[in-house]
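Note that the structure is predicted; figures quoted are calculated from it, not measured.
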Amino acid sequence: MGSLGGRLRQARENKGWSQTLVCEKLGISNSRLSGYERNYREPDKKMLSTLAKLYGVSIDWLMGMTEESERGESEREFEAFISDPDLQRWYADLPKSSEEDLKKLRKMWEIIKSE
């Protein structure tokens with residue numbers, strides 16, 4: 001398996017993109033991206049996620065934890081789920097709910113899952 005930097009370079013080249021183009025898309029310097037690709041520096045979690053999304057590959061593949069470079073269906077579905085503004089608003093309101101409302105919600109969820 002290749003290094004993180006090697007996989008980042010491979011993913012960029014598979015897209016047919018130059019480092020300059022990627023740096024413009026991300027708003028980062030060429031030396032920063034070059035450092036990632038040459039393993040001189042490591043991207044933080046947020047940048048790693050951004051790069052994976054930009055290149056259309058999984059973080060697991062970038063980290064060398066799998067040979068499958070494409071993001072799986074479940075990962076794409078999860079990203080779509082957490083990107084839904086209605087669900088984000090609903091999720092943010094959950095902690096404000098009473099225990100009784102949470103019990104009702106659990107019951108409703110069990111009904112939905114059983115169908």
For this session: Can you establish whether the number of heavy atoms outside E42 located under 6.0 Å from its atom CD is more than 12?
Result: no

Do the non-hydrogen side-chain atoms of [X] and [Y] ever get within less than 4.5 Å of each other?
X: W109; Y: L105; result: no
X: L8; Y: S3; result: no
X: R9; Y: E13; result: yes
X: S49; Y: I59; result: yes
X: V22; Y: I28; result: no

Exercise. What heavy-atom pair brings C23 and S29 nearest, and what distance separates the two atoms?
Worked result: SG-O, 3.4 Å

Using modelled atom types and a 3.5 Å cut-off, is there a donor and acceptor pairing between side-chain atoms of [X] and backbone atoms of [Y]?
X: N39; Y: G5; answer: yes
X: R7; Y: W61; answer: yes
X: T50; Y: K46; answer: yes

[X]: side-chain hydrogen bond (donor to acceptor under 3.5 Å, both in side chains) partners, not counting sequence neighbours:
X: E37; value: R12, Q19
X: S114; value: none
X: R32; value: Y36

Seminar exercise, completed: Taken to the nearest 0.5 Å, the spacing of K103 NZ from S97 OG works out to 14.0 Å

For this session: State yes or no: do L48 and L26 share one hydrophobic cluster built from I, L, V, M, F, W and Y residues joined by side-chain heavy-atom distances below 4.5 Å, directly or via other members?
Result: yes

Problem set entry | Hydrophobic cluster membership, W90 vs L102, 4.5 Å side-chain cutoff | yes

For this session: Please step through salt bridge (charged side-chain N to carboxylate O under 4.0 Å, His left out) for the pair K104 and E100, ending with a clear verdict.
Result: CA-CA 6 Å; K104 290 177 186 173; E100 185 175 328; 3.8 Å; yes

